[in-house]
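Data block below; observations after.
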Number of protein chains: 2
Amino acid sequence: MKAGEKAEKGRLTTSERALLGLLSLRPMSGYDLRQLIPQSIGHFWSESYGQIYPSLKRMTAEKLLDKKTERGKGRPDRHVYSLTESGREELRGWLRAPVELRNVARNELLLKVFFGTQVAPEEVRKHVETLREEAELERAEHAGIVRHLKKSSANNPQLPYWLMTVNMGRHEVNAKLAWCRETLQELDRLEERNKQ
Amino acid sequence: MKAGEKAEKGRLTTSERALLGLLSLRPMSGYDLRQLIPQSIGHFWSESYGQIYPSLKRMTAEKLLDKKTERGKGRPDRHVYSLTESGREELRGWLRAPVELRNVARNELLLKVFFGTQVAPEEVRKHVETLREEAELERAEHAGIVRHLKKSSANNPQLPYWLMTVNMGRHEVNAKLAWCRETLQELDRLEERNKQ
DNA sequence: TCCAACATGTAAGGAGTTACATGATTTC
DNA sequence: GAAATCATGTAACTCCTTACATGTTGGA
């Protein structure tokens with residue numbers, strides 16, 4: 001590899017690109033970003049302050065962001081960041097590039113199911129039932145999110161894309177619920193067989 | 001918190017517990033574990049050598065594992081680890097405890113969809129089509145895994161649990177495919193609207 | 001003759017979370 | 001009077017992956 005190539009390639013982490021994306025919605029402070037995440041990309045992405053503040057600093061140094069300071073009375077100053085032209089290009093370039101993060105999703109529940117014979121079927125059942133309850137709550141949440149989005153962003157051109165991400169959540173939750181149903185039935189059979 | 005409590009609480013990482021689980025199948029070396037993972041828990045869990053070897057060392061020091069050395073001719077010695085009684089108890093305790101790892105699964109594709117208005121719908125379509133192709137390959141894989149498991153482990157009491165984990169994979173893949181279909185249709189509409 | 005497989009291990013680095021530090025204002 | 005909110009930032013730590021280091025045997 002030639003000199004400089006490596007520095008160019010992964011100049012930003014995916015966390016930083018996610019922040020670029022959020023700042024394309026409107027200029028925001030680190031605090032704003034943190035608050036916004038649960039209401040926007042929170043179902044498939046998370047960021048902590050320990051990640052956000054250093055990222056904003058780095059991207060400002062790289063001229064991807066502009067920083068403006070708003071004086072706060074009593075409160076600390078607000079540092080409001082907005083995309084520069086170069087930041088917007090960086091964002092578009094990433095959006096066009098193939099999806100890269102293909103690391104295996106670690107699923108502790110499936111791990112416990114896989115080693116299920118080490119404990120009684122009833123113990124595995126508990127985990128599956130917990131998942132079912134959580135999935136049912138999530139399903140109810142989705143309905144609320146869709147209703148809220150359709151009202152609050154009726155004329156927003158971003159609405160169709162936002163609904164697509166919620167829709168993935170819906171399909172995933174339905175898949176989980178279907179799996180729970182089947183798995184609980186299979187556990188019934190295993191428990192029956194154990195008694196005899 | 002009193003002295004010692006912290007040390008007790010999280011004595012093992014989930015990675016280490018996963019290795020305990022695999023060693024409950026049969027005694028193995030670090031190399032064996034690494035080879036086995038893609039054929040067993042690979043669809044929902046991954047481990048690298050850099051994680052495996054230090055983990056085996058730590059758990060041996062904590063008397064959860066026994067280590068036996070097999071002399072290799074030419075090759076390095078094989079260090080074969082097996083569960084101690086205390087290791088098996090540790091494993092069972094973890095299997096009975098509630099599932100803990102509930103960190104948000106980070107999904108770069110959904111991030112790109114969420115910020116979709118920043119690029120042309122055609123750019124988003126590319127990502128969705130890639131996902132569809134990958135999901136279709138995965139679906140074909142599942143059929144093969146089920147056939148193989150049912151043959152090779154016909155009388156293995158662990159078979160039902162192993163099939164449950166594959167089944168989750170099937171449901172998830174079907175959810176992805178359904179989402180891709182719907183999303184591609186919606187993108188059709190957005191592209192049409194753009195042309196007019 | 002070269003490459004893959006066998007086999008163990010360490011070091012460095014990336015990515016991210018949690019806890020800490022600070023302090024005024026508003027709300028119950 | 002306590003707690004939550006606003007607001008920024010750093011340090012320490014965890015967890016994990018990749019690259020490096022080493023060396024033999026067997027097959028194409």
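A, B, ... follow the sequence lines: proteins, then strands. Residue 1 opens every chain. Below, each value reflects all heavy atoms present in this structure, side chains not excepted, and no hydrogens, waters or symmetry copies.
- Between C/dG9, C/dT10, D/dG9, one nucleotide has an atom nearer to the side chain of B/His79 than all others, and that is C/dG9.
- Atom CG in A/Leu56 sits roughly 15 Å away from atom P in D/dA7 (whole-Å rounding).
- Note on A/Thr13: every side-chain N or O is 4.0 Å or more away from OP1 and OP2 of C/dG14.
- Atom CG in B/Leu12 sits about 17 Å away from atom C1' in D/dC16, given to the nearest Å.
- A salt bridge between A/Glu192 and A/Arg189 is absent, with no side-chain N of the basic residue lying under 4.0 Å from a carboxylate O of the acidic one.
- For the pair A/Arg17 CZ and C/dA15 C1', the computed distance is 14 Å after rounding to whole Å.
- Of all heavy-atom pairs between B/Ile52 and B/Gly30, the closest is CG2-CA, 3.9 Å.
- The salt bridge (charged side-chain N to carboxylate O under 4.0 Å, His left out) analysis of residues 147-170 of chain B, with sequence neighbours excluded, yields no pairs.
- To the nearest angstrom, P of D/dA7 lies 14 Å from CE of A/Met28.
- Remark on DNA chain C: of its neighbouring residues B/Tyr81 and B/Arg106, the 5'-side contact belongs to B/Tyr81, judged by nearest-heavy-atom nucleotide.
- At a threshold of 4.0 Å, the pair A/Glu47-B/Arg106 counts as salt-bridged, since one of the basic side-chain nitrogens sits closer than that to a carboxylate oxygen.
- Between the CZ atom of A/Arg132 and the CZ atom of A/Arg139 there is a distance of 11.0 Å, given to the nearest 0.5 Å.
- Direction of the helix axis in the helix from C/dT1-D/dA28 to C/dC28-D/dG1 shifts by 30° between the two five-pair termini, rounded to 10°.
- The listed nucleotides are C/dG9, D/dC16, C/dT10; the one nearest the side chain of B/Pro54 is C/dT10.
- Comparing atom distances between the B/Tyr53 side chain and each of D/dC15, C/dG16, C/dA7 picks out C/dA7 as nearest.
- A salt bridge does not link B/Lys126 to B/Glu129: none of the charged side-chain nitrogens sits closer than 4.0 Å to a carboxylate oxygen.
- Residue A/Lys57 places at least one side-chain N or O under 4.0 Å from the OP1 or OP2 atom of D/dT10.
- Comparing atom distances between the A/Arg78 side chain and each of D/dT8, C/dG9, D/dT10 picks out D/dT8 as nearest.
- Looking at A/Glu191 and A/Arg125, a side-chain N of the basic residue comes within less than 4.0 Å of a carboxylate O on the acidic one, giving a salt bridge.
- The CE atom of B/Met59 sits 9.5 Å away from the CD atom of B/Glu90 when rounded to the nearest 0.5 Å.
- Of the residues in residues 33-51 of chain B, B/Ser46, B/Ser48, B/Gly50, B/Gln51 come within less than 4.0 Å of DNA chain D through at least one heavy atom, sorted by number.
- C/dG16 atom C1' lies 12 Å from atom CD1 of A/Ile52, rounded to whole Å.
- In this structure, the nucleotide among C/dG16, D/dT8, C/dC6 sitting nearest to the side chain of A/Tyr31 is D/dT8.
- Within a 6.0 Å sphere centred on CD of B/Glu100, other residues, nucleotides and ligands contribute 12 heavy atoms or fewer.
- Salt-bridge formation is detected for the pair A/Asp32/A/Arg78: a Lys NZ or Arg NE/NH1/NH2 atom is positioned less than 4.0 Å from an Asp or Glu carboxylate oxygen.
- In this structure, B/Thr14 reaches neither bases nor backbone, as no heavy-atom distance under 4.0 Å exists between it and the strands shown.
- Atom-to-atom, CD of B/Glu70 to P of D/dT24 comes out at 21 Å; the value is rounded to the nearest Å.
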